[in-house]
Each structure stands twice: as structure tokens, then as C-alpha cells.
Amino acid sequence: MNRYLKLVHLEVHRFRYALFSLMFLTAAIQITGLVHTTQVRVKGWREAARLGEHSTRNFSFADVIGDLQFLFAIPILISIVVLGLYVFLIWYRDWIGRDKFAYRLFTLPTVRRNVYMAKATAIFVFVFAMVSFQLLMLLLERQLFNWMVPSEYRMSSLFAEAVASNLVFVRFLLPLDGIQFVVYYGIGILAVFVLFTAVLLERSYRLPGIVYAILYVAVCGAAIGGAVYLNLYNYFYPREITAIRFCIYLMVMGFTLTLGFRLVSKKITV
Amino acid sequence: MIELVRVSQKYTYKEVLKDVTFTAEKGQITCLLGLNGAGKSTILKTIMGLTPIHGGSIRIDGEEINQNTYERVSYIPDHLAIPASMKLSDALRFMEDFYSCWNKDRANELMRFFDLDLDERAGRLSKGTAAKFNLVLGLAQDSDYVIMDEPFAGIDLFNRERIAEVFSSELVGNRGVLLTTHEVKEVEYLIDKAVLLRDGVVARSFECEQVRSEESKSVVDVMKEVLLT
Amino acid sequence: MKRYMITSALILLILASLGTFYAYGAELRLPEYKLQTLEGDLAEASKLTLLGSYVGGKGSYPIEVSTSGSKRSEQTFSNQWMKNKGPLHDQTFSEFKALYKEHPGFMRGKMGTDGYYSDQDTLIFAKASYTHSKDTDQEGTIRWSIDSLDLATGKQVRYTDELTDSVQYTNVIDVQKAGSEIHVLTNVNRVNSGNELIDMVFNAETGLPIHSVQVPLGKPSRNDRELQIQIIAEKKPTAANSRVLFLVTESSKRTDNTVSASDTIPTIFSERLFEYQYASGDVKELPLVAGAEEENRPGSWTLHSLERATYTTMHLSEEAVTINRYDLSTGFAHPQVTIKASQLGKGTISQAQVADGRIYLLLQTGDYFKNNSMPIIAVADITDGRILYQGTPAPVKANGRPDDQLDDAQFLNMTIMQ
Amino acid sequence: MNKVNEWAGITFNSRDPVYAQVVRLFKEKIVTGVIQSGQTIPSRRELAALLKINPNTAQRAYKEMEDQRLIVTEGNSPSRITLELDVLRQIRAELLGTAVEAFVATIRNIDVPLDELLDVIQQKYTEAQAGKRQEPPEAPFESGEGGNNDD
């Protein structure tokens with residue numbers, strides 16, 4: 001196995017307990033919420049049936065997920081915050097602490113960009129692992145829902161419907177459109193690289209580096225944001241605008257990676 | 001041969017190293033001597049590419065620093081750079097994973113030599129034990145050079161002797177050794193060559209035996225003479 | 001390999017779950033519908049698309065159904081980013097698709113369907129925009145710009161003209177070429193007074209403005225009345241037409257502070273139809289087709305259209321649709337055609353359109369807000385009112401939706417591809 | 001060849017070349033009979049490890065001893081102390097000479113007649129020989145040389 005993959009594993013390994021904790025937290029909050037809401041619903045329907053009222057419509061798993069917008073968003077937001085902080089900590093933890101692992105990491109016999117890419121890859125693995133875990137949880141939760149709700153009150157729903165009924169899922173985490181997923185997460189990946197390079201600016205130039213880093217993030221942020229909200233439909237065809245956006249992203253990506261690799265291999269101070 | 005030619009380094013306008021020139025030969029033990037803050041550790045870091053230089057050049061057997069440098073030069077920093085939660089056995093496996101020059105037999109031999117416990121966690125080692133394990137990680141590589149930053153700092157007397165023994169043993173063998181220390185006594189008879197640093201400048205570099213026979217001075221005498229005047 | 005288990009397991013989990021989700025799970029499948037023939041020839045409905053929404057399950061999703069089946073009609077992210085060809089991509093006039101394909105450079109950045117003209121030699125697009133002056137007291141600038149593409153040589157030129165004026169907004173209504181003149185019929189909207197229609201005439205060769213004609217629209221006969229102008233220009237966006245029609249309606253003035261509901265429907269006093277000839281600049285009144293009294297009845301309305309020399313009015317109510325057609329070049333009136341809802345078995349007429357010698361009807365068969373009964377569409381021959389086709393959307397595939405949700409669709413609109 | 005205690009605890013004078021001190025150490029060991037002539041001696045690296053000195057210094061000392069024909073190295077076999085009696089005698093004379101020179105230098109300022117001095121020497125020497133028989137042999141020069149390197 002090559003050293004890049006070994007480094008990825010190393011980084012994943014170092015974060016494993018935090019990752020599992022986030023997963024556990026997500027599972028705990030969501031299952032608790034789902035069980036409670038489903039119980040309330042079933043109780044209401046039973047009551048209505050006892051009084052001879054007929055409800056207009058049975059309820060589905062998607063309905064319950066739709067009821068749980070806020071609760072489902074909490075663990076996701078916590079995960080986003082934790083992973084967002086870890087984008088920085090994945091570097092700084094190698095400088096702080098008794099072990100100052102950077103001394104070892106940067107003297108490993110491999111090109112330094114592998115260290116950079118491995119840390120980035122590890123972050124992406126964490127993000128996608130959390131998203132995948134959320135998908136698994138939804139499957140499990142649907143099963144749980146089916147067990148809890150008697151079939152006479154239950155309406156079937158598509159898996160995608162359940163995803164679509166939670167705004168956090170459909171707007172950010174799991175857009176139903178595959179292209180949208182690729183674009184969203186592509187921009188996310190780009191953002192991680194920009195932040196990494198900003199961290200390396202600080203690590204290379206210290207105090208003045210903070211200023212460079214802030215400027216760099218501002219410029220890249222403006223370019224990426226500008227590309228997202230690029231409104232040139234008065235002149236360009238939609239596909240050309242897509243191409244322009246893509247070029248801007250590629251340029252930011254190219255520049256960020258080039259600068260990042262250069263900093264990590266030539267400028268960084270341990 | 002590790003060769004530094006007019007190496008200089010600045011840290012926000014402050015010159016940390018200035019025109020540092022010296023060589024450390026293979027098969028010799030070269031010692032960087034100087035007071036705290038003289039730039040000893042910084043020099044080692046520049047050789048390992050852990051901090052950039054702003055002038056001059058560093059060559060190892062004629063080559064500039066690249067990723068292969070780390071297979072040929074093993075670096076023993078002044079602390080054990082292994083995550084606290086790692087077991088020593090895991091740390092050895094980690095090293096074996098990454099270094100193709102890793103010599104497993106030598107690693108085992110060193111672990112026995114220093115009487116280290118594979119099941120202990122890196123974070124729980126005493127300072128002396130950590131220093132010994134740190135040596136294991138550096139010396140178990142089949143490298144041409146070993147670079148050590150303050151191998152004796154903060155180590156008790158008994159462990160110091162154990163560590164000092166390593167220098168003249170087969171464990172170092174015919175490698176070139178470059179070390180820093182501010183405790184000359186431990187290494188006085190061990191080193192071939194001393195490079196005296198003062199405020200980032202090489203004040204004098206000399207062969208110890210030569211100074212003894214030609215000037216009848218000890219290393220400490222020269223140090224006092226150069227650094228305290 | 002065992003010691004890399006955590007990482008391998010995570011990556012496998014990611015690939016498996018995201019892969020499965022986006023390959024199979026992410027598609028929000030709706031039941032599939034198809035136009036089902038009740039009687040007649042299905043081919044007659046091939047240009048018709050029913051627009052509606054699927055409301056089964058959770059949420060509501062726009063959906064369209066035609067003879068070829070149904071699909072979701074939302075603008076998805078992929079459509080916006082990857083598939084759309086241009087701002088007029090979804091227009092029901094198929095000629096725009098062809099224009100995008102043949103003249104992508106000329107069509108670049110052109111919005112709106114009204115500014116086009118084409119014949120065998122040229123393709124013209126005209127735009128009139130108003131720019132407010134920075135100083136609010138000063139007059140702004142109306143700016144005309146005419147792009148002309150020589151179809152033979154592929155040469156594209158732009159002519160412009162400017163006028164200093166103080167208006168609210170301007171827009172192009174129709175562009176025609178008469179001989180060596182380009183006419184740009186422009187609507188100028190002024191604050192506190194009605195619209196003005198200006199025919200800006202340019203030399204087709206040099207692009208120089210020749211003159212401008214203010215089309216006379218008349219004045220209200222009394223102070224408490226006002227004129228409503230409805231312009232009836234050539235229906236096909238790029239087609240040539242030597243004339244344009246105006247329907248001038250005189251009605252009671254709308255007061256700003258209307259209180260009762262009856263006040264909001266103004267009383268109509270007169271309706272007059274005028275024809276403006278581009279080449280000569282003549283304005284001529286035409287005999288009116290339908291009585292104003294009848295048109296004013298609640299729940300019914302009249303649609304006017306001009307296609308080449310044929311002027312068509314369609315009077316529409318829930319019970320019946322009546323069509324009158326005139327050939328303006330000869331003055332010949334085609335026989336009136338009436339189609340009654342009762343002819344079609346059940347439902348009430350909610351929409352009707354005339355296109356290419358056919359009348360398309362949309363009938364709602366129930367209270368669609370309460371029960372999701374499917375509408376009926378009908379296609380009739382415009383010359384004799386003969387019903388050529390009747391059909392209704394019907395689910396053909398459940399796509400994982402429960403049976404009782406299959407008919408949870410409402411179709412309230414239709415479009416005809418032309 | 002476990003001779004750890006034989007070489008342990010030796011300290012050097014930091015102002016004289018270490019290799020010269022090693023040569024002298026060997027000479028003393030030979031003269032005092034701690035190592036026998038013809039005996040194999042540690043390899044250079046072993047000696048460096050035993051004395052905690054630089055292997056290159058040990059190498060140089062061996063080179064010096066070879067030059068003085070104090071040790072012989074044949075092919076790949078370990079070095080041995082020479083069997084040449086001339087050389088051994090010469091070392092003995094050399095060591096005795098330097099020791100006596102040092103002794104004379106120390107007592108030169110004490111104004112004492114030679115006879116009296118010889119009597120004292122005889123008496124002390126007899127006592128020392130008697131004590132030596134009860135204790136294991138020790139390198140005699142050691143006490144004289146230590147403590148100098150500590151400033």
C-alpha cells in the first residue's frame with residue numbers, strides 16, 4: 001500500500017473515536033425523536049379511531065421525518081461544527097500537545113503533498129462517512145417506523161420522499177439531484193482545500209501569515225461565491241455559465257493546491 | 001557528508017542563523033555546541049526540511065533535501081514525536097510501515113538493549129524511557145546519518161550512560177552522527193568534531209583530538225574561550 | 001490489511017450507500033401517466049401537453065403529461081446547470097429551439113419572444129430599453145437596438161437609436177419588415193397617463209432611423225372613462241405580418257380606493273378594433289366581431305389572435321367555446337364554429353386554444369380541489385367543429401406509489417407546441 | 001571475552017589526546033600484567049564501547065600501538081599483544097622512566113639526601129607490595145590522572 005493511503009488511514013485512525021461519537025450522537029437523537037413522534041402519532045390515530053373519527057389520510061415515514069426537521073438537524077449541525085473545527089485541528093493538533101507529531105509527520109520519507117492530501121482525504125472520508133451513516137440511519141429508522149405503526153394507520157412512502165421532507169437533507173446534505181450533490185460537495189471540497197492552505201500560510205509565516213490567510217480565504221471565498229451567484233444570463237447561455245463556474249472552481253482549486261503543496265513542502269516551520 | 005554552506009535563516013526579520021557553514025562526515029560524530037538559543041536545534045530542523053532557509057544550501061551526499069533524504073538521514077528530535085495513545089508496538093509498526101530502511105531486527109535488539117516494554121503507551125513513558133524509545137525509532141533505520149537533538153536533555157545519570165554507550169556501539173556503526181547538546185561532558189570523549197555556535201554564527205569548528213594534541217585544550221576549554229569572551 | 005479495517009470499512013460504506021442512493025434511491029419517482037384515448041385519433045393530441053402537479057404522498061410536484069408519457073416538469077439543478085439551451089428553451093414555439101441550434105451567436109443573451117422577425121433573407125431582433133438618468137429630475141434615455149443577421153452571408157449588424165424622454169418603461173411589441181424598412185412597434189408606458197404606441201422605422205440597409213409614427217389610439221370620450229388597449233400582433237414570434245390590430249376598450253375609470261367588489265369590474269362602454277398597416281402607416285377601423293355585452297358576462301372571456309391574415313376570436317365560457325375567423329386581406333368571414341361542453345360527455349370547459357387549424361379544449365370533470373378527477377382534453381377541427389380526438393390522462397405505472405395515490409394528480413393547464 | 005570490569009570506570013584527561021591516553025593505558029596494563037603478552041584484545045569498536053570513547057579514537061590508538069609494535073594484527077583475526085620481549089622491556093623501561101621522572105619532579109623541592117630518600121622508597125615500596133598481594137590488581141596510574149578534567 002502506498003504511503004498516501006497509509007497516511008489517510010493514520011488520520012482516520014486518529015479521529016476514529018470522535019467520528020464514532022458523532023455517529024452515536026446522531027443515532028441517539030434521531031431514534032429518540034423518531035420513536036417519540038411516532039408514538040404520539042399512533043396514539044392520536046388510535047384515539048381518533050376509538051371516537052369513531054376517520055382521519056383524512058394515513059401517515060407515512062416521510063410525514064414523521066417532516067415533523068422532525070429541527071431535531072434531525074441538531075446532530076447534523078453538531079457534526080458539521082465538529083468536522084469544521086477539525087479542518088483546522090487536523091493540522092494544529094500536530095503542533096500542539098506533548099508529542100508534536102509534526103516532527104514525525106514531516107520527516108516521513110514521502111512527498112509532503114501526500115501529507116496535505118491525506119489530511120484532506122481524511123476530512124472528506126469523515127464528511128461522506130457521516131452522510132452515508134445518515135442514509136443508513138434513515139433505512140433503519142424506516143424499519144423502526146414500520147414496526148411501530150400498525151399497517152392500518154400507515155401509508156407507504158418512497159425513500160427519496162423521506163429525504164425530501166427534511167429541508168436539511170434535501171437542501172444541503174443529500175440533494176436528490178446527483179449533479180447537485182457533486183456540485184455542492186465539490187464546492188465543499190474546494191473550501192476545505194482553501195482553509196488548509198490558509199492554515200499552512202499561518203503555519204509558514206506565523207503572525208503575518210494570519211493576515212495572508214484571512215486575505216486568501218476572502219479572495220477565494222469571493223471567487224467561489226461569485227461563481228455560485230454568477231448572473232450573466234443576459235449574455236451567456238446556461239451551459240456556458242456552468243463552464244465559466246467550473247473554470248473558476250478549477251482555477252481556485254489549482255492555485256490553492258499549488259500554493260498549499262509549496263507551503264507544506266518548502267515553507268512550513270515545525 | 002552533510003554539508004551546510006552559508007546557511008541563513010530569518011524569523012520575522014530576526015536572523016536566527018547567519019552564514020552557517022560546516023560539514024558532518026559519515027563515520028564521524030559531529031557535535032553542535034552552544035548556549036540555549038544559539039540555533040543548534042534550528043540547524044537540525046533546516047537539515048530535515050522542518051523550517052525553511054533563506055540563503056545558502058544544504059546538501060546530503062551532494063543532493064538537496066528531498067523525500068529520499070528521510071530514508072538516508074534519521075532524525076531523533078528532542079522529544080518523542082509519537083501520539084500519546086499509541087502503544088510502542090504500534091509505533092514500531094508505524095515506522096516499519098513508512099520507512100523502507102526500517103531494520104526490524106535492529107529495532108528488536110534496541111528494544112532489548114534499552115529494556116523497553118512493547119505494550120506500554122507512548123504517553124505513559126517516563127522522560128528517560130521516552131528518550132530511549134526515541135533513540136530506538138531513529139537508530140533502527142538503516143540510514144547513513146543520524147541526527148539527534150539534545151539526546152541527554154532532562155535524562156537522569158543512569159540513562160545518560162546507557163544512551164552514551166550507544167554512540168560507540170554497533171547500533172550507530174559506521175553512520176555519520178550529528179548531535180546537539182549543551183552538556184559537553186557527556187560527549188567529550190565521544191565526538192570527533194565540534195561545531196561551536198554563538199547567536200546563529202559558527203564561532204569555531206574543530207577536531208577534538210587535534211585541539212587536545214596541538215593546543216592541549218579540552219573541548220570545554222575551547223568552548224569557554226570562544227563562547228564566554 | 002486487517003489493521004486498515006476502519007478506513008476500508010468507512011470507504012466501503014461511503015461507496016455503497018451513496019452509490020446506491022444516487023443510483024436508485026434518490027429519484028423521487030412519481031406515478032407515470034399517459035394520455036388515454038377516449039375516442040378518435042391519438043396523433044391529433046401529439047402537440048398537446050397537460051401541466052399539473054402530483055399531490056400524492058408528501059408534498060406537491062409539478063408534472064406534465066403528453067401522448068408520449070409523463071415527466072416531472074421542475075427545473076432541476078441539472079437542467080439549470082447542464083441541459084438548458086437558453087432563456088427561450090422552454091417556449092412552446094418550437095422555432096426557438098431551431099434558432100438556438102442554427103444561430104447560437106445571434107441568439108446570445110436575447111430574452112423575450114416579441115422582438116423577433118425573420119424571412120428568407122434576414123433574422124432581426126429588436127429591443128427597446130429605458131435607462132433612468134442618475135439625476136432623478138432629468139429625463140432618461142430610451143434606447144433601441146436592432147440586431148440584424150443576414151442569413152445568406154451570416155453577417156450580423158447592430159443598429160441603435162436613442163431618444164431622451166421621461167417614461168416608466170418601454171418594450172417592443174412587434175417587429176416587421178416592410179420593403180426596405182424595419183418597423184419596431186414599441187410600447188411606451190408613461191407615469192399617470194396611458195400607453196403610447198410608437199412605430200420606429202429604420203432603414204433596413206443603413207440602419208438609420210427614418211421616422212417614427214405615433215399610432216393614434218383615440219381619446220376617452222369622457223373624463224371619468226379610460227381606454228384599455230389590447231394589441232393583437234402576429235402570433236408566431238418570428239413570422240412576418242403586414243399589420244397589427246388594436247382592440248380599444250373604453251371603460252369606466254378604475255379608482256384607486258375601490259371598496260366593494262363590484263367596483264373592481266369596470267363598466268365597458270365601447271369596444272373598437274383597429275388595424276395598423278406597417279407599410280402605409282394607415283389606421284383603419286374594422287367591424288367588431290363579438291358584442292361587448294356578451295363578453296362582459298362573468299365567467300366568460302374572449303381571446304383574440306392574428307395569424308398571417310387570419311384574425312381569430314374565441315369566446316370562451318364553461319359551457320361552450322365559439323370561434324369566429326376573418327380573412328383580413330379579403331374581408332371573408334369563415335363560418336362560426338361552436339363547441340359545447342355537452343358535446344363532450346362531461347365536464348366544463350376551462351381552457352381552449354387555437355393552433356394550426358385545430359381547437360384544443362381542456363375540460364375539468366370535477367371539483368379538482370376536492371377529488372382528483374382527471375380532466376378531459378379534446379381536439380376539434382377549426383373549420384367545422386368536428387371532434388377529432390378526446391382523451392384523458394391515466395396512470396400507467398405506479399413507480400412504487402400506493403394504489404390509492406395514483407390518481408392524486410391535478411392538471412389545470414395545457415400548452416400546445418407550435 | 002567478557003572484560004567489562006577490567007575496563008570500567010576509567011576516566012581520561014580531557015586536555016590530552018584521548019588516543020595517547022588509550023595507548024598509555026594499554027602499556028600500563030601490559031606492564032602490570034593485567035593483560036598478558038600474546039593475549040587477544042577487544043576490537044576497536046568493542047574497546048570504544050567499553051571505554052565510552054569515539055570508535056575513531058580507538059582506531060587511532062590501535063594504529064599507534066601497531067606502529068609501536070605493541071600489538072599485532074594478522075589478517076582478519078583479532079589483534080593481540082605482541083610477544084616481542086624487546087618491545088615489552090622497552091615499554092616497562094619507558095613507564096618506569098616517566099614515573100620516576102614525575103616522582104623526582106615532585107620531590108625535588110624537598111631538600112632530602114638521596115640515602116634517606118632511598119630508605120623511604122624502600123620502606124613504602126615494601127608496604128605497597130604487601131598490600132597489593134591482598135587486593136586485586138588495579139591500574140596504578142588511575143588515581144594520579146583523575147579529577148583533572150573537571151573544571
Side-chain angles (χ1 to χ4, degrees), chain A residues 1 5-6 8-13 16 19-20 58-60 62-63 65-66 122 124-129 131-136 138-139 155-165 170 174-184 232-242 245-246, chain C residues 1 3-30 55-59 61 72 74-89 100 104-105 107-111 127 398-405 408:
Chain A
M1 247 183 31
L5 291 177
K6 284 176 190 164
V8 173
H9 172 73
L10 177 75
E11 295 292 350
V12 172
H13 193 79
R16 64 196 187 285
L19 189 70
F20 296 152
N58 283 342
F59 64 98
S60 68
D63 290 326
I65 296 295
F124 307 149
V125 167
F126 302 148
V127 171
F128 287 120
V131 173
S132 303
F133 180 74
Q134 179 65 72
L135 278 173
L136 277 191
L138 278 172
L139 276 182
M155 194 170 86
S156 78
S157 65
L158 297 175
F159 188 71
E161 235 180 317
V163 173
S165 59
V170 78
L174 287 163
L176 296 179
D177 191 320
I179 301 268
Q180 198 171 0
F181 179 85
V182 171
V183 169
Y184 279 16
L232 296 171
Y233 291 99
N234 283 332
Y235 187 74
F236 289 109
Y237 288 122
R239 270 192 287 192
E240 293 171 337
I241 290 176
T242 303
R245 284 187 177 131
F246 194 66
Chain C
M1 282 320 275
R3 63 182 200 261
Y4 300 118
M5 217 174 68
I6 294 177
T7 311
S8 321
L10 286 178
I11 289 173
L12 277 180
L13 166 76
I14 290 166
L15 294 180
S17 60
L18 287 178
T20 316
F21 181 62
Y22 281 102
Y24 306 105
E27 196 192 348
L28 219 164
R29 282 164 298 151
L30 306 178
V55 294
K58 197 173 163 58
Y61 299 94
R72 287 179 63 183
E74 259 168 309
Q75 272 277 7
T76 62
F77 193 90
S78 331
N79 285 340
Q80 282 169 26
W81 275 56
M82 313 300 279
K83 295 196 184 126
N84 272 10
K85 293 205 171 60
L88 305 175
H89 178 77
Y100 277 132
M107 294 297 287
R108 180 173 289 282
K110 298 203 166 31
M111 323 278 252
K127 201 170 88 177
N399 263 344
R401 298 282 178 165
D403 287 346
D404 59 338
Q405 293 176 15
D408 287 353

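Residue numbers start from 1 in every chain, and the chains themselves are labelled A, B, ... in the order their sequence lines are given, proteins ahead of strands. Here the structure is a predicted model, which is why all the values come from computation and not from measurement.
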Can you tell me if C/K110 has over 12 outside heavy atoms packed within less than 6.0 Å of its NZ? yes

Are A/F181 and C/L18 packed together at the side-chain level, in the sense that at least one heavy-atom pair is separated by less than 4.5 angstrom? yes

Any donor-acceptor N/O pair, C/Y4 side chain to A/L5 backbone, under 3.5 Å: no

Say whether, by atom type as modelled, one donor and one acceptor occur between the side chain of A/Y235 and the main chain of C/R108 under 3.5 angstrom. no

Would you indicate whether the side-chain heavy atoms of A/P175 and C/F77 approach each other to under 4.5 Å? no

Given that the side chain runs from C-beta out, which part of C/N399 has a heavy atom under 4.5 Å from chain A: side chain, backbone, both or neither? backbone

Answer yes or no: is there a donor N or O on one side and an acceptor on the other, between the side chain of A/H13 and the main chain of C/R3, under 3.5 Å? no

Quick one: which of C/R401, C/E27, C/Q80 has the most heavy-atom pairs under 4.5 Å with chain A, could you say? C/R401

So, taking the atom named CG in A/L135 and the one named CD1 in C/I14, what distance separates them when rounded to the nearest 0.5 Å? 11.0 Å

Okay, C/Y24 and chain A: the region with an atom under 4.5 Å from a heavy atom over there is neither

Structural part of A/E11 lying under 4.5 Å from a heavy atom of chain C: neither

Residue from A/L174, A/V131, A/L138 passing side chain to side chain contact (heavy atoms under 4.5 Å, CB included) with C/F21: A/L174

Honestly, the part of C/L28 sitting under 4.5 Å from a heavy atom of chain A is both

So how far is it from A/I179 CD1 to C/T76 OG1, rounded to the nearest 0.5 Å? 8.5 Å

Report which part of A/A164 has an atom under 4.5 Å of a heavy atom belonging to chain C: side chain, backbone, both, or neither. side chain

Largest heavy-atom contact set with chain C, pairs under 4.5 Å, which of A/V183, A/I241, A/V8: A/V183

In terms of heavy-atom pairs under 4.5 Å, which option from C/Q405, C/M82, C/M111 contacts chain A the most? C/M82

Take C/W81 and A/Q180 through the side-chain contact (heavy atoms from CB on, under 4.5 Å) test and state the conclusion after the steps. CA-CA 9 Å; C/W81 275 56; A/Q180 198 171 0; over 6 Å; no

Atom CZ of A/F20 with >12 non-hydrogen neighbours under 6.0 angstrom: yes

Nearest 0.5 Å, what's the CZ-CG distance between A/F126 and C/L10? 8.0 Å

What part of A/S157 gets within 4.5 angstrom of chain C, counting heavy atoms only: side chain, backbone, both, or neither? neither

Contacting moiety of A/V163, where chain C heavy atoms sit under 4.5 Å: side chain

If you tally heavy-atom pairs under 4.5 Å between each of A/F159, A/F236, A/F128, A/F59 and chain C, the highest tally belongs to A/F128

Tell me, for A/R239 versus chain C, whether the close heavy atoms (under 4.5 Å) come from the side chain, the backbone, both or neither. both

For A/S165, is it the side chain, the backbone, both, or neither that has a heavy atom closer than 4.5 Å to a heavy atom of chain C? both

Would you check if A/L19 and C/I6 make a side-chain contact, meaning some heavy-atom pair closer than 4.5 Å? no

Nearest 0.5 Å, please: how far is CD1 in C/I11 from NE2 in A/H9? 10.5 Å

